[in-house]
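Sequence lines set the chain letters: A, B, ... in the order given, protein chains first and strands last, and positions in each chain run from 1. As the structure is a computational prediction, the values presented were derived from the model and not from experiment. Note that these values count all heavy atoms, side chains included, but never hydrogens, waters or copies made by symmetry.
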Amino acid sequence: MSADQLVFWIFAPIAVAGAIGMLLSRNAVHAALFLVVNLFCIAVMYLLLEAPFLFAVQIIVYAGAIMVLFLFVIMLLGVDRGDDLREPLIGQRPLAVILAAAFVVEIAVAVRAGIGFATMAPEGFDAVNRDGNARALARVLFREYFLPFEVTSLLLIVAAVAAMVLAHRRARAVTQAELERLGLLEPPREEAPSP
Amino acid sequence: MTPDLDLVPFVPELVLVAAAIVGLLYEALARGPRYPVHLAVALAGIVVASGATLALWRYGGDPTVLAGAIATDRLAVLARLTVLGAAFCGLLLGTHAIERDPAAARGEFFPLLLFATTGMTLIVAAADLIVVFLALEVLSLSLYVLTGLPGRRAASEASLKYFLLGAFSSAFFLYGVAMVYGATGTTRIPEIANALVGRTGEQGLALLAAALLLIGLGFKVSAAPFHMWTPDVYQGAPTSVTAFMSAATKVAAFAALIRVFDVGLQALRWDWTPLVAALAAVSVVLGSVLAIAQADVKRMLAYSSVAHAGFILTGLTASNADGIGASLFYLIAYSAMTIGSFAVVGVTTTRGEDRTDLDAYRGLYRRDPHLAAAMALFLVSLAGVPPTAGFIAKVGVFGAAIGAGYVWLALLGVLASVAAAYVYLRVIVLMFMVEPEEALVSDPAPLPRIAIAIGAAIVLVLGLFPGLVTDLVRSAAVLRW
């Protein structure tokens, strides 16, 4: 057994176990942590497949940033709040089963077609990757696609401003009449006639 | 491949983004009365960007720069100038709305409007479908927020509706981009054209892509049957934002449509022109008929906007320089008419968003003859009566459609125009021949009047002397790639 295979057979079961654990855990925080385990193991797979850049991105972006955001949202919404299991739309459950079955079949077909495919590198793969995979990606990203790359950052600025504008409503001056109507303030009492 | 770092064709966008960021920082740091400074910064950004755009008219470099992402042809220049003009008027109207109701005002209005403008000027110049998509998202996101900015119920509801349907249409567009990449192996529009030209036989993937892209852009230009969001959003949004987006979004999305279809998918034009003709027919009929039933002026103008999208699509059925030129002229004329009419809607009463029903127009002539005259001019132009820009524009698109063999479409367009004339004449009758019933006062503020005057001047000048711009439009309609 080569070193590659050894690493694979150590991390693949952990990845599967992490995924199953995520599905089965009742606690949302535990589920998120199981997902982190799974994402880390997948990152190792990328390293095995000679994609070091993807390995780093997977850990930094997915296992790091996105999972922290997940946890933030879970904490903000309340960890122990029970989920509403009623179905607002009828027929969602059978539909989900059918679609899941179709997805499994699709994956099976794709895997069947892919067997033997992965043993050979795509045409021109080595020429593109001659200075290393990360450098090849950088060349495409910052030369051919540098304007889309920059416009994406503009899009993120707009999204951030948009989110803040919508979420952060300026506190409106509340009039006394409104407070009275809401029962937060007692109506002005008439002065008791002094003896 | 090293990119040619020729940033000159990208300067308008750089200027706009810089002005927007200055505005954001100012909003965050400054205290006290801020709107005059905001307005000055934003207007300066738009004027400088317009200057930079004008300088591109005689640009002699490559057809596309920045690694094939930005086109440098005159279509980009003319469409950008139209968008910037709309943004100029939108800023004047928005500032007035803020002055009138300071409690609901948000300083972020100015940077967001500039971001929307950036997305629009970028999309008209984008020569790569990825940049088209990103620009579409920049402009859409900004517009969703601008729509919901006042925080009133109607505005928030309109904003949410716009967001949901807009995200849906973006997905269609993105799916179309993926199909194009599958069919041709590239997302650069000129390269797509080259890849499709020499191809014989199976074009299924490319045709699917054309249909998906048409749906995605059809949402943005509010062509029927993808117009569902238009009346609700136009009515719910602040009138100043409605004025800006009804004009500028249409120009931006149509310019992108022209570049994607008349450059990228040119080889398939026998397949997609019937689709465009069908969209045009449905839009023209539905928009004109549904406008009749409306009791709210903003809804009425929204349905009229659907009909006008149909007229512009009518011109695009002729996939040649004539058709593109006619559509460009229509876009310029329509921008002036729609901004002008929404500007009038904003100042007809001092009560702003609360009174946009037709009753507010009873006897407007007695109250404010200038305003009534301007509104009448815009409505006559929307109906397509000479001597206004709307008439010349309609003649142009119908001529192009007939030249391309779509005589039935031109006939349908003329019939729909006659039906739609009832809608506009009804308002004119209310304004001039009916006595006012309520004691309403029109808003005398100067800023909207400037926007109204600009719109009226363009409508009249283009109607009386269309020769002034026909040469410009004709040279912009020759796509360089």
A/Leu147 versus chain B, heavy atoms under 4.5 Å apart: side chain, backbone, both or neither? side chain
Nearest heavy-atom neighbours spanning [X] and [Y]:
| X | Y | result |
| --- | --- | --- |
| B/Arg188 | A/Glu144 | NH2-O, 3.0 Å |
| A/Pro148 | B/Val131 | CG-CG2, 3.8 Å |
| B/Val138 | A/Leu155 | N-CD1, 3.6 Å |

Distance-only donor-acceptor hits, side chain of residues 48-63 of chain A, under 3.5 Å, sequence neighbours excluded:
unit_1: A/Gln58; atom_1: NE2; unit_2: A/Leu39; atom_2: O; d: 3.3

Is it the backbone or the side chain of [X] that comes under 4.5 Å from a heavy atom of chain A, or both, or neither?
| X | value |
| --- | --- |
| B/Leu24 | side chain |
| B/Ser159 | neither |
| B/Ser140 | neither |

Taking side chain as C-beta onward, heavy atoms only, is B/Tyr144 less than 4.5 Å from A/Leu166? no
Other residues, nucleotides, ligands: >12 heavy atoms within 6.0 Å of A/Tyr145 OH: yes
